[in-house]
Number of protein chains: 2
Amino acid sequence: MKESAAEFVILGLLSYTSMTGYDINKAVKTRMSSFWDIGYGQIYPTLRMLEKDAYVTKKVEIKENGPNRKVYSVTNKGTKKLQEWLMKPAKPEIFRLEALLKIAFGEQVPKHVIIKHIEELRARTAEKLENLIFLEKEVNAHLSDDEGYFFGLLPVLLGINIYRSSIEWADAATKMIEERKQKEGNVR
Amino acid sequence: MKESAAEFVILGLLSYTSMTGYDINKAVKTRMSSFWDIGYGQIYPTLRMLEKDAYVTKKVEIKENGPNRKVYSVTNKGTKKLQEWLMKPAKPEIFRLEALLKIAFGEQVPKHVIIKHIEELRARTAEKLENLIFLEKEVNAHLSDDEGYFFGLLPVLLGINIYRSSIEWADAATKMIEERKQKEGNVR
DNA sequence: AATGACATGTAAGAGGTTACATGATTGT
DNA sequence: ACAATCATGTAACCTCTTACATGTCATT
């Protein structure tokens with residue numbers, strides 16, 4: 001038995017409420033995209049495996065046209081598995097920022113290319129920040145009557161912190177590059 | 001041919017100075033670990049491919065005992081390839097923070113488990129932050145006589161920003177958990 | 001009439017990690 | 001004497017992404 005993180009993403013989400021594979025995909029994209037992602041290529045096969053090993057059960061809603069809707073729920077065995085995983089130490093963080101790779105080698109290309117990479121990174125970040133701020137409000141509204149979302153809020157808050165400081169960096173970095181350009185211009 | 005980021009990490013590092021595979025590994029670990037990582041399992045095979053396609057050349061230092069030292073350098077063709085890649089838009093950022101996955105599902109386990117995850121995450125982050133602060137000083141010292149490291153400094157500054165705000169989050173999150181009124185039911 | 005949301009899935013391959021194998025040299 | 005660093009590499013395995021395939025229903 002493997003034990004990839006994808007299993008626990010699914011088990012964890014199902015621990016809130018029963019869902020279809022489609023729902024799981026949506027939930028991951030809206031609620032976890034700032035720190036983890038999985039797609040259908042992982043979701044459907046993993047769901048089948050989890051069911052085979054009795055960590056989840058499914059209820060099929062038969063539809064004459066189109067694919068049957070399959071609603072999955074965690075079992076006690078699945079909850080136990082999730083809890084055991086939760087108690088083990090987490091693996092180290094992995095960051096892959098291709099944009100920074102390009103920025104780091106900026107010496108090799110004209111400055112405007114790098115400024116554009118920074119701008120694009122900033123734009124992607126600003127968009128994610130907006131989403132998280134929206135999510136934060138939503139969760140906070142929920143929180144007053146349902147404490148069950150408290151822990152889900154923490155990663156959102158970290159994301160907001162990180163994205164905010166990334167945007168500050170982007171603005172400072174752009175300035176640094178432009179000021180450097182002026183320096184060289186004065187020398188000539 | 002494929003075009004994975006690993007190639008460009010290597011090409012980019014070699015654009016500063018000629019290196020062995022071992023050196024590349026070290027350089028990645030010390031200078032890029034906050035936004036990208038590759039290991040020997042990618043370095044040696046990629047180096048061979050790059051050489052085959054004339055993007056790099058190698059000079060072999062023969063040693064009677066142990067493996068020969070192979071020093072790689074970029075060719076003009078390699079520099080061109082790197083520049084072309086640098087001008088293309090970067091792929092979206094990927095963050096994989098298993099710790100946050102565990103924290104998000106904290107409802108399922110006693111709160112001390114989650115506090116521990118946060119503490120461990122904080123410790124890992126603090127260590128990386130120290131490394132980056134050290135790196136920053138080193139690069140800044142270099143920068144006065146060699147402008148060639150300027151762009152390498154930018155990712156370091158982002159890392160410092162991100163790690164600092166992560167540490168602030170960790171402290172706030174721990175407090176939030178400790179001060180929270182515990183509801184009965186889900187806690188073991 | 002078109003778009004987007006709902007809903008299922010597979011197959012191939014790219015990308016990345018880990019464990020293994022080997023051994024000299026340099027510093028404490 | 002022991003540990004760390006220098007130095008090469010492979011093979012198996014796992015993980016993840018991408019492209020494909022199909023079709024309904026609700027909204028604009």
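Residue numbers begin at 1 in each chain, while the letters A, B, ... track the order of the sequences.
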Nearest-angstrom distance from the residue atom [atom1] of [X] to [atom2] of [N]:
| X | N | atom1 | atom2 | result |
| --- | --- | --- | --- | --- |
| B/Asn68 | C/dT25 | CG | C1' | 16 Å |
| B/Arg69 | C/dG23 | CZ | C1' | 16 Å |
| A/Glu61 | C/dT8 | CD | C1' | 14 Å |
| B/Asn25 | D/dT8 | CG | C1' | 12 Å |
| B/Met19 | D/dC6 | CE | P | 13 Å |
| A/Lys29 | C/dA7 | NZ | C1' | 15 Å |
| B/Glu7 | C/dA14 | CD | C1' | 12 Å |
| A/Ile62 | C/dT8 | CD1 | P | 14 Å |

Exercise for the section: Test B/Tyr149 against B/Tyr16 for ring-ring contact (aromatic ring centres under 6.0 Å, His included), laying out the working first. Expected result: CA-CA 9 Å; B/Tyr149 288 91; B/Tyr16 290 102; 5.7 Å; yes
Short N-O contact, [X] and [Y], less than 4.0 angstrom:
| X | Y | value |
| --- | --- | --- |
| B/Glu93 | A/Arg124 | yes |
| A/Glu120 | A/Lys116 | yes |
| A/Glu61 | A/Lys70 | no |

Fill in the blank from the handout: For nucleotides 15-21 of chain D, 5' to 3', base contacts (B), sugar-phosphate-only contacts (S) and non-contacts (-) with protein non-hydrogen atoms under 4.0 Å give SSBB---
Look at the side-chain N and O atoms of [X] and state whether any lies under 4.0 Å from the OP1 or OP2 oxygen of [N].
| X | N | value |
| --- | --- | --- |
| A/Thr20 | C/dT8 | yes |
| A/Tyr44 | C/dT8 | yes |
| B/Lys70 | D/dG9 | yes |
| A/Lys63 | C/dT8 | no |
| B/Arg48 | D/dT10 | yes |

Problem - Ring-ring centroid check A/Phe95 B/Phe95, cutoff 6.0 Å - result: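 Yes: the rings meet the under 6.0 Å criterion.
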Practice task
Kindly check if the number of other-residue, nucleotide or ligand heavy atoms within 6.0 Å of NZ (B/Lys80) is above 12?
Solution key: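 For B/Lys80, atom NZ is not crowded (no more than 12 foreign heavy atoms under 6.0 Å).
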Show the atom names and distances, to 0.1 Å, of all donor-acceptor pairs under 3.5 Å that link a side chain in residues 127-137 of chain B to residues at least two apart or in another chain.
none

Problem - Nucleotide of C/dT10, D/dT5, C/dA7 approaching A/Pro67 most closely (side-chain heavy atoms) - result: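 Out of C/dT10, D/dT5, C/dA7, the nucleotide with an atom closest to A/Pro67's side chain is C/dA7.
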